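Since this is a predicted model, take the numbers as computed values, not measurements.
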Amino acid sequence: MAGLRGVFAGFGKSRAFAVLGRALVPADRVLLRVSGGRVGVGAAVGLRTLLLTTIGRRSGEPRQVPLLYVERAGGYVVIGSNWGGEAHPAWSANLLARPGATVAVHGRTVDVTGRLLTGDERREMWDAVAAYWPAYDRYAVRAGHREIRVFLLEPVSR
C-alpha cells in the first residue's frame with residue numbers, strides 16, 4: 001500500500017487532485033460513517049483517514065468531515081489545509097469554538113479534544129504529517145498568506 005500511496009502523493013500535489021479530492025469528500029464521508037471509520041476512499045489507496053465530527057459553531061449541529069491523519073503524541077494529528085484554499089476549513093473553526101469532538105477510526109468512535117498547535121510543536125507535527133502526505137507542503141504554498149492550522153486530537157479519558 002505504501003507504493004500506491006506514493007503514486008497518489010505525487011498526484012496529490014496537483015490542482016486537479018484538489019478538485020477531484022473535494023468532489024470525493026461526500027463519498028468518503030458516507031463510507032466512513034457507515035463503516036465506523038474502517039473504510040473510506042483514502043483507505044482504498046492506502047491513506048489513513050478518520051471521520052471527524054465537530055459541532056457547528058453557528059448551527060450547533062454535528063458536522064462530519066473525513067481527514068487524513070497521523071498518530072502522534074497519543075492522539076491524531078490533522079491538518080486544516082482546505083486543499084490549499086485561501087480560507088480555513090469550517091471544521092477547524094468549529095474546533096476552535098468547541099474543542100470537544102469525536103473521531104471514527106479503525107472501527108471505533110473516540111471522544112477527543114482538539115488542540116491547535118503552535119510554535120515548535122506545530123512545526124514538529126507538520127513535518128510528521130508532510131512526510132506522510134507530501135502534498136501538504138504544496139497546499140501551504142497555495143494557501144498564500146494564511147498559516148495552515150494543525151490540530152492534535154487528544155482522546156478524552158473516561
Side-chain angles (χ1 to χ4, degrees), residues 1-2 4-6 8-9 12 21-22 24-85 87-140 143 146-158:
M1 281 296 199
L4 189 55
R5 180 173 45 107
F8 275 90
R22 283 186 179 119
L24 292 175
V25 167
D28 206 20
R29 183 181 298 123
V30 169
L31 285 170
L32 286 162
R33 185 182 308 138
V34 300
S35 71
R38 284 187 201 95
V39 178
V41 175
V45 295
L47 298 173
R48 292 181 213 121
T49 308
L50 58 75
L51 184 63
L52 174 67
T53 304
T54 60
I55 300 299
R57 68 189 183 287
R58 287 187 233 161
S59 69
E61 297 295 319
R63 301 289 184 223
Q64 294 185 315
V65 61
L67 299 170
L68 297 183
Y69 73 93
V70 171
E71 290 186 54
R72 287 282 190 283
Y76 310 96
V77 179
V78 293
I79 304 285
S81 69
N82 207 15
W83 308 93
H88 292 290
W91 67 262
S92 72
N94 292 345
L95 269 183
L96 290 174
R98 293 186 174 129
T102 61
V103 295
V105 61
H106 304 301
R108 66 186 206 283
T109 301
V110 179
D111 292 326
V112 296
T113 300
R115 183 168 59 87
L116 180 65
L117 303 179
T118 60
D120 290 341
E121 189 177 30
R122 180 195 180 280
R123 279 186 290 284
E124 177 186 339
M125 295 303 179
W126 177 273
D127 290 346
V129 176
Y132 178 71
W133 185 247
Y136 282 127
D137 287 330
R138 182 69 54 88
Y139 299 164
R146 79 174 173 95
E147 181 176 76
I148 291 176
R149 293 173 177 159
V150 179
F151 287 89
L152 177 60
L153 306 175
E154 300 171 299
V156 176
S157 300
R158 292 188 178 183

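Considering only heavy atoms from C-beta on, Y136 comes within 4.5 Å of L68 through its side chain. The side-chain heavy atoms of T113 and R115, taken from C-beta on, include no pair separated by under 4.5 Å.
Nearest heavy-atom pair across P89 and N82 is CD-CB, 3.8 Å. Across every non-hydrogen atom of T49 and P66, the tightest pair is CG2-CB, 4.1 Å. Between L152 and R72, the shortest heavy-atom contact is CD1-O, 3.5 Å. Minimum interatomic distance between G80 and R146 (heavy atoms only, all atoms of both residues): O-NH1, 3.2 Å. For the pair P62 and I55, the tightest heavy-atom approach, listed with the atom from each and the gap, is CA-CD1, 4.1 Å. Minimum interatomic distance between P155 and G74 (heavy atoms only, all atoms of both residues): CD-O, 3.1 Å.
Remark: side-chain polar atoms of D111 are not paired, donor with acceptor, to backbone N or O of V156 under 3.5 angstrom. With hydrogens and angles disregarded, no donor-acceptor distance shorter than 3.5 Å links the side chain of R57 to the backbone of R98.
In this structure, L116 CG and E121 CD are separated by 10.0 Å, a value rounded to the nearest 0.5 Å. With rounding to the nearest 0.5 Å, the separation of CZ in R63 from CG in L95 is 14.0 Å. Atom CD1 of I79 is separated from atom CG of L67 by 10.0 Å, given to the nearest 0.5 angstrom. Distance check, rounded to the nearest 0.5 Å: CD1 of I148 to CZ of R122 gives 7.5 Å.
Residues satisfying the side chain to side chain contact (heavy atoms under 4.5 Å, CB included) test with D137, not counting sequence neighbours, are W126, A130. The side chain to side chain contact (heavy atoms under 4.5 Å, CB included) test applied to E124 returns no partner, not counting sequence neighbours.
W91 has its ring centre less than 6.0 Å from the ring centre of F151.
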>> I'd like to know whether L96 forms a side chain to side chain contact (heavy atoms under 4.5 Å, CB included) with R149, so could you lay out the CA-CA distance, the side-chain angles of the two residues, the decisive distance to 0.1 Å, and finally the verdict.
In response: CA-CA 10 Å; L96 290 174; R149 293 173 177 159; 3.4 Å; yes
> What do the steps show when you test L153 against L52 for side chain to side chain contact (heavy atoms under 4.5 Å, CB included), and what is the final call?
Replying inline: CA-CA 10 Å; L153 306 175; L52 174 67; 4.0 Å; yes
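Using a cutoff of 4.0 Å between basic side-chain nitrogens and carboxylate oxygens, R48 and E71 are not scored as salt-bridged.
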